[in-house]
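See structure below.
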There are 2 protein chains.
Amino acid sequence: MDHLETRQLRYFVAVAEEQHFGRAAQRLGMAQPPLSRAIRDLERQLGVQLLVRTSRRVALTPAGQTLLDEARIALDAVATAGNRTRHAGQDVPALRLALKADHDAGLLPKILDAYDVLPVRLLLGGYGEQLPALHDGRADVALMTTPFDERGLDSEPLITGPRLVAMAASDPLAARTSLRLADLAGRLLPYGTPAEKGFPKPPFDPHEPLDHSQIFSLIEVGSTVWYLPVWLAERFARPGIAYRPVEELEPATLTVAWPARSRSAAVAAFVRTAQRVARETAPYDNLFPLVHPV
Amino acid sequence: MDHLETRQLRYFVAVAEEQHFGRAAQRLGMAQPPLSRAIRDLERQLGVQLLVRTSRRVALTPAGQTLLDEARIALDAVATAGNRTRHAGQDVPALRLALKADHDAGLLPKILDAYDVLPVRLLLGGYGEQLPALHDGRADVALMTTPFDERGLDSEPLITGPRLVAMAASDPLAARTSLRLADLAGRLLPYGTPAEKGFPKPPFDPHEPLDHSQIFSLIEVGSTVWYLPVWLAERFARPGIAYRPVEELEPATLTVAWPARSRSAAVAAFVRTAQRVARETAPYDNLFPLVHPV
DNA sequence: CTCGACCGATACCCTGGTGATATGGATCAT
DNA sequence: ATGATCCATATCACCAGGGTATCGGTCGAG
């Protein structure tokens with residue numbers, strides 16, 4: 001009848017995600033027997049069966065699924081408490097801005113120049129790392145490209161531009177003026193979309209997503225094509241790579257996002273500054289120089 | 001650099017709220033020295049000073065205030081995980097409805113009669129207990145009277161009616177047909193409003209709020225007056241107590257509320273049922289029988 | 001059908017985290 | 001000056017929580 005400890009939740013989440021006590025124990029850096037015991041004690045404590053163990057596999061009960069969902073939320077909240085507190089204790093207060101390098105549509109220098117409320121610390125994370133950083137309190141505000149999971153966040157759009165396809169300049173499709181998604185079907189590497197659960201096994205090392213240089217190398221030799229917002233295309237314009245509009249491709253919106261219940265004046269001022277800078281920036285309405293470079 | 005445990009957060013919240021290690025330890029059912037050590041270790045772990053100890057008082061640093069806020073949220077999320085899981089493990093699924101007895105405007109029987117998705121378990125709590133029950137997962141849905149703290153909740157209004165003042169029939173003010181708030185200033189017991197932090201010491205035992213019978217006894221002998229929604233007045237109409245409208249008193253709205261991110265079909269159906277029942281119920285537009293009983 | 005591989009549970013041991021007691025040192029009220 | 005108050009330190013004890021060895025049940029290969 002005692003209180004739950006985060007250790008119990010971490011253990012359960014590991015087992016539930018791995019569906020395997022041995023791997024979960026390995027991931028947690030411990031042996032399997034104490035983990036089994038911890039899960040059994042947790043079930044006793046809650047008075048609920050969480051897992052169905054056949055000697056061959058482990059499956060979640062409905063109650064177990066509930067706990068998995070809720071425990072993720074709770075662990076996130078605990079991590080947030082720690083991260084926010086660590087940050088609040090720094091003697092030099094700062095605004096922590098999470099973004100992916102080159103995904104700022106060129107606005108970043110102007111925003112940083114115009115924002116003088118606090119010093120800004122940049123957290124340059126890879127693809128999809130901005131969202132968790134906002135959620136667990138490592139970042140105060142983030143620049144992200146739509147679409148993203150907006151639950152728990154407030155956001156304001158900054159600037160919108162078309163998405164283009166990047167392909168080898170030598171690609172036969174590059175000769176066409178108009179492309180459709182169907183023309184490009186099957187040409188994308190599986191990394192093209194965020195890693196989902198049940199991520200299908202890619203042909204080679206799935207652990208490390210490709211960085212920009214790697215991606216553009218593959219594009220240049222015709223191994224893949226890539227969808228990307230116009231501001232990224234602009235930054236990576238080079239001979240050997242052609243950018244073309246695609247009819248059905250939704251435009252991308254660069255967005256500033258922050259935790260929903262943030263009442264920080266520094267964040268609010270940053271958002272206003274970013275919006276003002278975005279308004280003063282020319283929209284992406286002329287693709288001619290990019291699609292037809294000299 | 002390890003993970004935070006809820007035990008550490010509970011300890012810190014106790015100390016921060018009591019501003020006193022001894023009382024906090026007592027509240028936690030432990031001795032003071034291990035509590036002091038736990039807080040010191042927590043500060044080491046976070047690398048942040050949380051409390052300023054003079055040998056006379058304990059005060060929060062800004063980082064400590066941050067942790068207090070965040071830890072409350074995190075502890076709530078952990079409690080929610082446990083409560084929701086316990087509930088999901090019950091073999092008889094049920095909808096848990098939190099409300100205060102008599103605060104249903106007479107809708108409850110009709111709602112329960114019309115709602116057939118799940119059996120309904122009533123959680124009859126005292127004043128202000130509905131909100132925490134929703135937040136920590138003990139209840140799926142609640143009936144509450146506006147105003148209440150809507151953060152983290154979704155809600156739909158059911159029925160609106162005026163608030164009245166209840167006073168002794170013998171009270172000189174009962175002879176008047178029109179009352180204003182100023183006429184009643186200072187006549188309310190301090191229990192009239194929810195307990196805030198820094199709750200001023202009431203004249204007698206502050207621990208247990210008064211129940212309805214106690215309140216109406218005090219009203220009947222002229223010791224206090226009371227503001228209450230018309231549906232409560234209706235239920236407690238009796239000789240010896242007079243109900244009068246008060247000009248500036250905002251009307252009350254009986255509301256059905258549920259956790260914001262609930263995607264439960266059972267809750268959604270309950271809300272629809274409650275709204276339909278409320279629409280079919282006569283509004284409170286004729287106060288004559290209540291104010292001028294036979 | 002049999003045997004080996006796999007996987008979770010059980011039994012048992014041991015260490016360190018967590019709690020208790022005793023006491024010190026600092027501050028404030030009288 | 002002296003006692004009261006209150007947090008920190010020192011020290012001890014216990015068991016919660018982690019490790020190793022092993023068991024028992026299930027599935028698949030041959």
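In what follows, chains are A, B, ... by sequence order, proteins preceding strands, each numbered from 1.
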Would you kindly give the [atom1]-to-[atom2] distance between [X] and [N], to the nearest whole Å?
X: A/Gln32; N: C/dC12; atom1: CD; atom2: P; answer: 17 Å
X: A/Gln19; N: C/dC7; atom1: CD; atom2: P; answer: 13 Å
X: B/Tyr11; N: C/dG17; atom1: OH; atom2: P; answer: 15 Å
X: A/Arg10; N: D/dG18; atom1: CZ; atom2: C1'; answer: 14 Å
X: B/Arg37; N: D/dA10; atom1: CZ; atom2: P; answer: 12 Å
X: A/Arg57; N: C/dC6; atom1: CZ; atom2: P; answer: 17 Å
X: B/His20; N: D/dC7; atom1: NE2; atom2: C1'; answer: 9 Å
X: B/Arg40; N: D/dA10; atom1: CZ; atom2: C1'; answer: 11 Å

Ignoring the backbone of A/Pro33, work out which of D/dT20, D/dC7, C/dG8 is nearest its side chain.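 Comparing D/dT20, D/dC7, C/dG8 against the side chain of A/Pro33, the answer is D/dT20.
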Just compare C/dG8, C/dA20, D/dG19 and give me whichever is closest to any side-chain atom of A/Ala31.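 The closest nucleotide is D/dG19.
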For A/Thr54 and A/Gly29, find the nucleotide of DNA chain D closest to each by heavy atoms; which residue's nucleotide sits nearer the 5' end?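 With A/Thr54 and A/Gly29 compared, the 5'-side residue is A/Gly29.
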Kindly confirm or rule out a cation-pi arrangement of B/Arg10 over B/Phe12, judged by NZ or CZ under 6.0 Å from the six-membered ring centre and within 45° of its axis?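 No, a cation-pi geometry is absent between B/Arg10 and B/Phe12.
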Could you work out, with salt bridge (Lys or Arg N to Asp or Glu O under 4.0 Å) as the rule, every residue matching B/Arg23, not counting sequence neighbours?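 With neighbours one apart ignored, the set is B/Glu18.
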Do A/His103 and A/Thr145 touch side chain to side chain, with heavy atoms closer than 4.5 Å?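 A side-chain contact under 4.5 Å exists here.
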Do A/Leu124 and A/Lys100 have side-chain heavy atoms sitting under 4.5 Å apart?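 Contact flag for A/Leu124/A/Lys100 side chains = no.
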B/Glu5 versus A/Arg7, closest heavy-atom pair with distance: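 So the minimum-distance heavy-atom pair works out to OE1-N, 3.1 Å.
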Look at all strands and tell whether A/Arg7 reaches a base, only sugar-phosphate, or nothing, counting heavy atoms closer than 4.0 Å.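 Contact class for A/Arg7: sugar-phosphate only.
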Distance test, side-chain N/O of A/Ser36 to OP1/OP2 of C/dA9, below 4.0 Å: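 The answer is yes; a side-chain N or O of A/Ser36 sits under 4.0 Å from OP1 or OP2.
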Phosphate-side-chain proximity, A/Arg53 and C/dC7, N/O vs OP1/OP2 below 4.0 Å: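 The answer is no; no side-chain N or O of A/Arg53 sits under 4.0 Å from OP1 or OP2.
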